[in-house]
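Just follow the structure's listing: the first ligand is 1, and inside any ligand the first atom is 1.
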Amino acid sequence: MKTLRVGLEDRGYNIHIGHDLLGQLGQLLPRKYSTACLLITDENVDKLYGKEVEKSLTNHGFHVAKAVVAAGETSKSLETAARLYDCAFDHKMDRKSPIIALGGGVVGDLAGFIAATYMRGVPFIQIPTSLLAQVDSSVGGKVAVNHPRGKNIIGAFYQPQLVLIDLSVLKTLPPRELRAGMAEVIKYGIIWDKDLFSFLERNLAQLLSLEAQIIEEVVYRCCDIKAVVVEQDEKEANVRAVLNFGHTVGHAVEALGNYELKKHGEAVAVGMAVAGKISVAKGLFDELQLERMKRLLTRVPLDVSLPPEWEKDKGIELMLQDKKASQGKINFILPEEIGKVRIEEISASELHNLL
Ligand code: GLY
């Protein structure tokens, strides 16, 4: 097992990364909590790993209530949140009772939102089970539920007290989810670490077949980058925005497909290719580097072209409604070379021409 620290003073925490770690949860918990705890998971993950996690907690003296939500984005709602607050009350959770998220990004965001708000905040533990959640959403404290008018509109920055990444669970992840998670992995290479990008070029097949050492190395490097970025800018005042590379167009692509046609990572792959193209058009990025970037994404395979449901005007309208847009300008993360990006504001009219 490898351990990374997210250094955020009194809000700092460890990320443990390794194989077969679920059963060690009880002993790895960082502090003494109240014995009542709430385990939040979804119906798919529960069938596979619910018992093992519950047993580890029970063996360490916890009295566990388990809340199982429907799998999928629709669970990230205020209605589901209301049900979970009831579970916490019924289980007599107090301010030292931990909430444990066992699942992918939806479960992590939802459980984190409950942890941030129940009694103004209770301890929060992340056990991410998708590649995307392991390398991105479980680290850094972004928690939220959706509003009918927008994704992640109601939320907070609320750091977990431990992230436990068990790489063995990726064996049961549907292949499409694994490929979607690869988009976020490749993102780190482009925004921050050209050596990671080259490593991915050389080891993609081993990574996709979950070769133990390779997957451990890659997840560790991604979490390390995320930790460094979050330490510098916890609440996205500046540098943290680079983690949104590919997300400006990506979120619009997801929304235009009603969050059904494209998975988040798949939409981010398209968004990264579009951002690369914009960067080339603005003379900031080399065409050959763009091709190199697209080649790696395509090898996963991830589709990098705008999907049939894409409509430019609606897409730009959605980008203007995004949390990151302000005063008619849209924030874009544009690559300058593999391993380095810059943040640029682009107006809606310029974007019309560029797209
Ligand atoms: N997923 C981007 C961030 O955590 O800032």
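- Taking a cutoff of 4.0 Å between a charged side-chain nitrogen and a carboxylate oxygen, K151 and E254 qualify as a salt bridge.
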Under 3.5 Å donor-acceptor pairs involving side-chain atoms of residues 14-29, not counting sequence neighbours:
residue, atom, partner, partner atom, Å
N14, OD1, R5, NH1, 3.1
H16, ND1, T3, OG1, 2.8
D20, OD1, S168, OG, 3.2

At less than 3.5 Å, what protein N or O atoms come close to the N or O atoms of ligand 1? Include the distances to 0.1 Å.
residue, atom, partner, partner atom, Å
ligand 1, 1 (N), D136, OD1, 3.1
ligand 1, 1 (N), D136, OD2, 3.1
ligand 1, 4 (O), K226, NZ, 2.5
ligand 1, 4 (O), R240, NH2, 2.7
ligand 1, 5 (O), K142, NZ, 3.0
ligand 1, 5 (O), R240, NE, 2.7
ligand 1, 5 (O), R240, NH2, 3.2

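- Annotation: side-chain contact (heavy atoms from CB on, under 4.5 Å) contacts of K312 (sequence neighbours excluded): W310, I316, H352, L355.
- Residues Y158 and F113 keep their aromatic ring centres 6.0 Å or farther apart.
- Screening residues 30-41 for salt bridge (Lys or Arg N to Asp or Glu O under 4.0 Å) gives no qualifying pairs among residues at least two apart or on separate chains.
- Between the side chain of N146 and the main chain of N152, a donor-acceptor pair closer than 3.5 Å is present.
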